[in-house]
Every structure is written in C-alpha cells, then in structure tokens.
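Below is one structure, written out as structure tokens, with a few remarks after it.
As a basis for the values below, the full set of heavy atoms in this structure was taken, side chains included, without hydrogen atoms, waters or symmetry mates. All ligand and atom numbering here is 1-based and tracks the order in the structure.
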Amino acid sequence: MQAVDRAFALRQRPPMPNPSRAALIDRLPKAELHLHIEGSLEPELLFALAARNGVAIPFASVEEVRAAYSFSNLQDFLDIYYQGMSVLLTEQDFYDLTWAYLERAHADTVRHVEIFFDPQGHTERGVAFETVLNGIERALKDGEARLGISYRLIMCFLRHLSEEDAFATLDQALPHLERIHGVGLDSSEVGHPPSKFQRVFARARELGLHVTAHAGEEGPPEYVREALDLLHVERIDHGNRALEDPALVHHLARDGMTLTVCPLSNLRLCVIKDIAESPVRRMLELGLKATVNSDDPAYFGGYINANFHAVAEALDLTEAEIVRLAENSFTGSFLPMADQIQHLAEIAEVAGDR
Ligand code: ADE
Ligand code: ZN
C-alpha cells in the first residue's frame, strides 16, 4: 500500500475504545459550567413530584416520557422542558431536583458547578422567586458540605420574553444579590439576539454580577459578536457557530474566551448530525478555550462524563486534550485564582499518576 493510501485508511478507521483514556476521564477533577438545573429533572423524579403535588402530566410511564424526548431542534426541546417544570412547586421540590444533580455530578468527579436556573419559568406559574432560590441554594450548600462540591448560581433571563420581563426578574433578585453570582441568557435563540437585552445586562454588571449568554447554538456568528460587544459576557455558552467566522475565532482565541460546549445536547438538538461533528477538537486546535458540559442531561442522554466519553471516542481525543478540557473548566470558572490553581494541581496529580 502506498504511504498516502495507508494514511487515508488509518483516518477512515473508526476510533477504538481506549480504556486508559476512559479511566482518565472518570478520575479527572472537573467543573461543570453549563447546566440548567431544570434540565436535570429525570423522568423518575418528574413522576414522583407529579404524584407528590397532584399535578397531571400527559405521560403514563417513565418509558413514555423518554420516548417523547426526541427533538429536531431547540424549540422542540424547550416546549417539553417548560412543560416538565410544572411539577416543581415547593422549596423541597427544588431541593430534591438540585440534590439529585449534585449526587450525579459527584459520581463524575465534579468538584465545582456553576448552574443556571430559569426563575421566569417558575414565577410565571405562580411559584415565588424565593421558593425556587431557597430550595436550590439549600441543596448547593449541602453539596458543598457533604460532597465537597463548590458552586456558583447563575440566573438566566428567558430571551423569548421581553427585556422588561428580564428587568422585573432582576428586581426580584435584588434582595438576594449575595446569593446569586451571575446572569445568563437562554431559551429560543433565533429571532432574540443579545442586543435585545443590552440594558438589563448593563444593569446586572453594575450590580457586580458575572455575565454569560447562550450564543451561536442555533443563532448566527453575529449573535456571538453581540454577546461579546454589547453584553460584555465573560463566557459564551455553546458558541458552535462562531467557527463560521474566522475573524471572530481570532478574537475569541486572543481574548481567551471560554466556550461551554455541550456535545450530547448538540447531537440531540440536531445542531450536529453525528457526535464526530462536535466542534470540541477543532476549537482546541484553533486555540479556543473549549469546555465540555451536559446542558440538560436528563433530556439529552448523559451527564458530564458521558459527554466527555462521547467526544473522546468519536474524535479520538488525546489524553493531553482531555486534560486540557478539564483545566479549561476551572480556568474558565468564576472561582478565585487561588482556588483554580488548587484544582489545576489536583488535575496534574491525577494526570501524572498513571
Ligand atoms: N434552556 C435549557 N437548555 C437550553 C439550551 N440548550 N439552549 C437554550 N436554552 C436552554
Ligand atoms: Zn444551555
């Protein structure tokens, strides 16, 4: 065989499972930076809470729920996601939801979480802002004490609603600002550009909150630019479509902007057709600070380690690339530098100890 043919044949070979790489993923300390707590509502808990609260749901069994989790785009998913929230009514419900996620994260050697919540998805159903916040925060505090997982809490504005609504939500958060660390922007992206929320993000920054936004998941590269230039975000959530614009890629790489990529989410929402199309490896090659996250794991088929395993195998990531992704998760976090350095040292220990 000619050398060129041999190289081509090698490239065509499907990636092999790599046990040492898989073990590394399972052991590496990591931070999760893109997780919607409402998206961690597993069908079993959905049923238990529906029964506890006497809420009717349009499903007869857990299997039926899982069968309904077939989406052809973001909006398909969001319709079911908001419907699922209807079982969350009491502080204990939000506690149970968050605690269940933290136990899963702990099993995946997650040491730090920066989770999103969607207050408008609850207040518009008559659930008090404080009920939501108290339940989530109590679980996060227990997670810190009992599981050793530190946290930050990020309140998202639903971008299909108005900026006025977002301001009203920020007003509700004002008495609790020491308990909320940042704001984000999520929900239906196309048709709701970051520019729509420029004023409310400016106010959030004045209040000392961190800022991040979903951009470039389904929306064009211009939305990523707007998130940077108009919202002054510290992270881009997803960012896939930034790769269509080389000047934007250069800008993101130069500024060391963190991108919170969600491989299984991308697959299940048809942002990519195959997991091998995940932009994670390409982003690393371009010098972008990519991280791996689970987004809405109950709906997309896997928590953070499942996301790591899926891309590692499909893209045949090297162990060095996997370590880099774990490092990025801490250096892209809102943790103080001293804490980041401690986590990096722990990563080096695990990575070196093989
Ligand atoms: N809300 C929950 N998950 C989301 C996603 N992947 N994109 C936008 N909004 C969301
Ligand atoms: Zn998301």
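The distance criterion of under 3.5 Å between nitrogen or oxygen atoms is met by Ser187 with respect to ligand 1.
Stacking of Arg52 on the aromatic ring of Phe47 is not recorded, the 6.0 Å distance cut-off and the 45° axial limit not both being met. The side-chain tip of Arg138 does not point at the ring of Trp99 from less than 6.0 angstrom away and within 45° of straight on. At least one test fails for Arg268 against the ring of Phe300: distance under 6.0 Å to the centre or angle within 45° of the axis.
Annotation: His192 is not in aromatic contact with Phe157 [ring centroid separation under 6.0 Å not met]. Checked against a 6.0 Å centroid threshold, the rings of Phe94 and His122 count as neighbours.
Against a heavy-atom cut-off of under 4.0 Å, Asp296 is close to the following atoms of ligand 1: 2 (C), 3 (N), 4 (C), 6 (N). Set against the non-hydrogen atoms of His238, the atoms of ligand 1 under 4.0 Å away are 6 (N). Near Glu217, with a cut-off below 4.0 Å to any heavy atom, the atoms of ligand 1 are 5 (C), 6 (N), 7 (N), 8 (C). Those atoms of ligand 1 with a heavy atom of Phe77 less than 4.0 angstrom away are 2 (C), 3 (N).
With the Zn ion (ligand 2) as the vertex, NE2 of His34 and NE2 of His36 span 110° to the nearest 10°.
In terms of protein heavy-atom proximity, atom 6 (N) of ligand 1 is nearest to Asp295 OD2, 2.7 Å. Among protein heavy atoms, atom 1 (N) of ligand 1 sits closest to His36 CE1, 3.5 Å.
His214 lies close to the Zn ion (ligand 2), since one of its N, O or S atoms is found at a distance under 2.8 Å.
Aromatic ring pairs are classed by plane angle as parallel below 30°, tilted from 30° to 60° and perpendicular above 60°; the pair Phe71 and Phe77 is perpendicular. In this structure, Tyr151 and His181 have perpendicular ring planes: the angle between them is above 60°, well past the 30° mark. By the 30° and 60° cut-offs, the orientation of the rings of His214 relative to His36 is tilted.
Nearest N/O/S atom of Asp295 with respect to the Zn ion (ligand 2) is recorded as OD1.
Contact annotation: for Tyr81 versus ligand 1, heavy atoms closer than 4.0 Å belong to the side chain alone.
Heavy-atom distances between Asp237 and ligand 1 stay at or above 4.0 Å for every pair.
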